[in-house]
Amino acid sequence: MPQQQFSHARGVLARRCTAVVQARWFAVTVFSLILANAALLGAETYSGIVAGWQHWLRLAEHVCLVAFSLEIVLRLAAHADRPGAFFRDPWNLFDLAVVLCAFLPVVRENTTVLRLLRLARVLRTARFLPQLRIVLMAVVRSLPGTLSFLLVGALLLYVYAMVGWVFFGSHDPEHYGSIGRAVLTLFLLMTLDGIGDAVHGGLDISRWSLLYYGSYVLLASFVLVNVLIGVVITSLDEAREMDGAAPAEPRPHAERTEPRPYADRTERTALAHRIEEARRALDALERELVRTPPPPVDGTRRRIPTAQRRD
């Protein structure tokens, strides 16, 4: 009996807290607190504001911390009847880690780490903005493809840097005097920044520099960048499907009800004959069903009069 009462109390607590957590005013309040926390972080970068309002800034930070703690407690209470569901949600774990770390003595004594944790609260806006949440999920899912892109890009930079050092190292030591300078130069050229000056400088050395810079710009600035865009777009589609924002597929019966514009006359005629035969068969079954007497209710066989049997 006490166990049942405890389970009932947990269910009531979970329902009431879920109603609060899922309310629109609750989401708006938490979102406003996150923006206020971000504004406080920005205000602390001005020495004049910190000197004049240090006490109030610290009080506002404590208010935000208490509010975020109450939010986490309410979210935990909303899962009182199923605590495991709370810890299976990655966003809940992130929110819990951000709030709990602020109470650790080592973190509170380190101002830099504490500010970084406060900055992590700004990322919680993704919980309340579905599109931002999808973008963040896409970024996470695109990490494997991005690492492959970085490896290919690093290999391309190294090869072209070595070629540039061989051909331009003695003539242009400022940009190609070593492998490090060559890599830095080519990395900046990947954004097409200063590509005109580089091409003109290369023409003074050799006309083959046109082939060098042209192939590099084609591979680095167009091919690799488009590959990266393709990886991100693919990850964005996958994240949208995971978040349940993918466009709904057409219903199966819609395809069956649509007419076939390319059906020829022979197929239509054959289909009409089959429909007519099916109708005749149904009519025959209906007439036979009408002639057959219904079974008696008590399960005994009904005697049919002799005159009716003769008929």
Side-chain angles (χ1 to χ4, degrees), residues 35 38 41-42 45 90-91 94 112 115-116 119-127 129-247 249:
L35 295 182
L41 287 173
T45 60
W91 289 106
F94 176 75
T112 304
R115 286 178 178 175
L116 291 176
L119 183 62
R121 297 176 192 170
V122 181
L123 297 177
R124 298 187 58 209
T125 53
R127 174 189 286 275
L129 300 177
Q131 294 300 325
L132 181 58
R133 184 171 61 248
I134 292 174
V135 170
L136 289 178
M137 291 174 59
V139 171
V140 173
R141 292 188 62 85
S142 65
L143 288 180
T146 305
L147 292 177
S148 302
F149 166 81
L150 292 177
L151 291 176
V152 175
L155 180 61
L156 181 68
L157 276 176
Y158 184 80
V159 171
Y160 271 85
M162 288 299 299
V163 174
W165 175 77
V166 170
F167 288 100
F168 308 121
S170 57
H171 301 280
D172 190 5
E174 183 180 357
H175 297 95
Y176 295 95
S178 64
I179 186 66
R181 291 189 176 186
V183 168
L184 179 60
T185 300
L186 292 175
F187 182 78
L188 295 176
L189 291 179
M190 187 181 295
T191 61
L192 301 180
D193 183 19
I195 186 65
D197 297 336
V199 170
H200 287 297
L203 287 176
D204 296 337
I205 301 173
S206 174
R207 293 187 178 274
W208 289 101
S209 62
L210 285 175
L211 179 61
Y212 173 80
Y213 286 112
S215 61
Y216 175 75
V217 169
L218 179 65
L219 292 175
S221 299
F222 293 101
V223 176
L224 284 182
V225 173
N226 287 329
V227 168
L228 179 61
I229 293 174
V231 170
V232 174
I233 290 177
T234 303
S235 302
L236 187 61
D237 293 337
E238 295 176 356
R240 187 177 291 110
E241 293 178 359
M242 291 178 59
D243 197 68
E249 296 181 356

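Excluded from the calculations below are hydrogen atoms, water molecules and symmetry mates; all remaining heavy atoms, backbone and side chain alike, are included. On a predicted model such as this, the values are computed, not experimentally measured, just so you know. Position 1 is the first residue of the sequence, and the numbers go up from there.
Here Leu188 contributes atom CG and Ile195 contributes atom CD1; the two are 11.0 Å apart, rounded to the nearest 0.5 Å. Put simply, CG on Leu156 and CG on Leu151 are 12.5 Å apart, with the number rounded to the nearest 0.5 Å.
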Show me the donor-acceptor pairs, under 3.5 Å and distance only, between side chains in residues 174-181 and residues at least two apart or in other chains.
residue, atom, partner, partner atom, Å
His175, ND1, Asp172, OD1, 3.2
His175, ND1, Asp172, OD2, 3.1
Tyr176, OH, Tyr213, OH, 2.9
Ser178, OG, Arg181, N, 3.4
Arg181, NH1, Pro173, O, 3.2

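In this structure, the ring-ring contact (aromatic ring centres under 6.0 Å, His included) partners of Tyr216, at least two apart in sequence or on a different chain, are Tyr160. Annotation: side-chain contact (heavy atoms from CB on, under 4.5 Å) contacts of Ile229 (sequence neighbours excluded): Val225, Asn226, Ile233. Take Ile205 and apply the side-chain contact (heavy atoms from CB on, under 4.5 Å) test, not counting sequence neighbours, and it matches Phe168, His171. Contacts of Leu210 classified as side-chain contact (heavy atoms from CB on, under 4.5 Å), with partners at least two apart in sequence or in another chain: Val199, Leu203.
Closest approach of Phe187 to Leu157, counting heavy atoms only: N-CD2, 3.9 Å.
No donor-acceptor pair under 3.5 Å is formed between the side chain of Ser221 and the backbone N or O of Leu218.
Here side-chain hydrogen bond (donor to acceptor under 3.5 Å, both in side chains) pairs that include residues 148-157, with residues two or more places apart or in two chains, number zero.
Phe94 CZ: more than 12 foreign heavy atoms inside a 6.0 Å radius.
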